[in-house]
2 protein chains.
Amino acid sequence: MRDSEKMIVRSLPLFADMAEDHLDEMLLGSFLQRFPATVVLFSESDHTDFLHVLVDGQVELYASANNREGTMTLIKPVATFVLASALTDGVYQMSARTLESSQILMIPAENVRTAMKKDRGFAQKSVLELAACYHGVVRAYKNIKLRTAVERLANYILVQNRRQGDTGVIKLPIEKRTLASMLGMTPENLSRAFATLKPYGIKVDGAEVRLEKPEDLETLAKPSALIDTH
Amino acid sequence: MRDSEKMIVRSLPLFADMAEDHLDEMLLGSFLQRFPATVVLFSESDHTDFLHVLVDGQVELYASANNREGTMTLIKPVATFVLASALTDGVYQMSARTLESSQILMIPAENVRTAMKKDRGFAQKSVLELAACYHGVVRAYKNIKLRTAVERLANYILVQNRRQGDTGVIKLPIEKRTLASMLGMTPENLSRAFATLKPYGIKVDGAEVRLEKPEDLETLAKPSALIDTH
DNA sequence: CGGTCGGTTGAAGCTAATCAATTAGAGTGG
DNA sequence: CCACTCTAATTGATTAGCTTCAACCGACCG
């Protein structure tokens, strides 16, 4: 464990208040590893051996049942994932794969649980982190339960536009098929959903999406602070 | 705050390890209240003033968007709800209404946050509770994203059968329209879903559901430990 | 240059929602 | 005890939303 890696961990709010010796102890046995793209990191029914910190790259958390598969969420650096599973010493609950070449710091789950018991500051922050994760899934759940596919796409575009500086031109950060899976539809249906949004001022050229009539799109999307804000 | 009410709180794992004085302190300003059926307790965009403990009755957490409404989860006694919102000092994120006459202990959210900072045992248990809530929503999210309506119903029946003692005769604990909303479909579609399951040995008479060929239903339902076990 | 893969488009079919009408059941009051 | 009422539940007909299957396009790459 190098000092630079320790600094990365320290920079995350989750570990910001942790006592120095507890942090050092937790990081014993941790290692930073680089994975190529499209590598499966773990499967949902595996026992949770590590808390993961995505340092660089991009990771998809997905789930399978009945022969079907769906994206649960996407992880962007720098962020931890599977904290809840690491703390409860159970299985992962979701599978993970890299979407691109990624650098991941793996911290033994056992160490994380020990740190949680010893370190008040870390316990406090864990509570906040888990509450945030919880609300994140609640939002995703509402999104899929209360909106149609076209509405989900419209809201996704509005959120991306805001995130990318309200320029009216956004660059899709992921492949369309991944976006489709995240929005809970087939790639074919995503294509058609984009076409449906044409009258609302949406123009698509590869990974570039132009948003020419944001107000029109909003009337269709009916964005909700409790689903789209984070 | 009576002693009997304190005992109820103490009986919950979440508060089991809490120091006596911290518990007393937290419960200052708490009150036990009885609500009639179908009363809205709070709306999703309201600020979270109280952590709720359902002592008796039944509560539905639901969400609204676009003129649509959907059940998020059902709370049965004795259990807390909206812990995540109480701890993060934000809005509720979900609305709540009583399904029947219910007794609810309301603990000022401010007190809960104070207790979290002061009491290690409570912080630890909060982490476990939030992790469990998180995995609960993840399961619900998988359920709706990876299964059809009929499959969700089939799995619901299998879970209820197991919970009610594997007798092959189950009593629906909620109205069918509420069940429909929880399973993410319309009441009409639930009726038809039950009819679809007839060839799989399902017979419905009011709130009573008979399960005559559990193995057949399982082949259709394809239950998954990671969605249906809790 | 051919091959692979992501994306698009078309046609058909299935799942679920909507609209409308009817039935069943629980509770109420005479 | 029996109409009366209100609501839940069911059933039928139709429509909307989405998936599936198939063909095709086009970019990137060996």
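Predicted model, so just to flag it, every value in this text is computed and none were measured. Just so you know, these numbers use all the heavy atoms, side chains as well, and skip hydrogens, waters and symmetry mates. Within every chain, numbering begins at 1; the chains are lettered A, B, ... in the order of the sequence lines, protein sequences first and strands thereafter.
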Pair of N/O donor and acceptor under 3.5 Å linking [N] base with [X] side chain:
X	N	result
A/R192	D/dT20	yes
B/E188	C/dC19	yes
A/R177	C/dT8	no

Value in whole Å for how far the [atom2] atom of [N] lies from [atom1] of [X]:
X	N	atom1	atom2	result
A/L197	C/dT8	CG	P	13 Å
A/D205	D/dG26	CG	P	13 Å
B/R147	C/dA16	CZ	P	13 Å
A/N189	C/dA16	CG	C1'	14 Å
A/L99	C/dG6	CG	C1'	14 Å
A/L190	C/dT9	CG	P	12 Å
B/I144	D/dG17	CD1	C1'	15 Å
A/K176	D/dA27	NZ	C1'	12 Å

Original post:
Is a salt bridge present between A/E215 and A/K213, judged by a nitrogen-to-oxygen distance below 4.0 Å?
Top reply: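 A salt bridge is absent here (no side-chain N lies under 4.0 Å from a carboxylate O).
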Original post:
Are A/D228 and A/R147 within salt-bridge range, i.e. N to O under 4.0 Å?
Top reply: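 Judged by the 4.0 Å cut-off on N to carboxylate O distance, A/D228 and A/R147 do form a salt bridge.
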**OP:** Tell me what A/E175 touches on the nucleic acid: a base, only sugar-phosphate, or nothing, going by heavy atoms under 4.0 Å.
**Re:**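 Answer is sugar-phosphate: A/E175 comes under 4.0 Å of backbone atoms only.
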Original post:
Just checking B/T186: base, sugar-phosphate only, or nothing, at a heavy-atom cut-off of under 4.0 Å?
Top reply: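 Base, at least one base atom sits under 4.0 Å.
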Subject >> Residue that, paired with B/E60, satisfies side chain to side chain donor-acceptor pair (under 3.5 Å) out of B/T38, B/T178, B/T98, B/T71 >> reply: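 Considering B/T38, B/T178, B/T98, B/T71, a side chain to side chain donor-acceptor pair (under 3.5 Å) with B/E60 is found only for B/T71.
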Original post:
Parallel, tilted or perpendicular: which fits the ring planes of B/F50 and B/F31, with parallel below 30° and perpendicular above 60°?
Top reply: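 Ring orientation, 0 to 90° scale: perpendicular.
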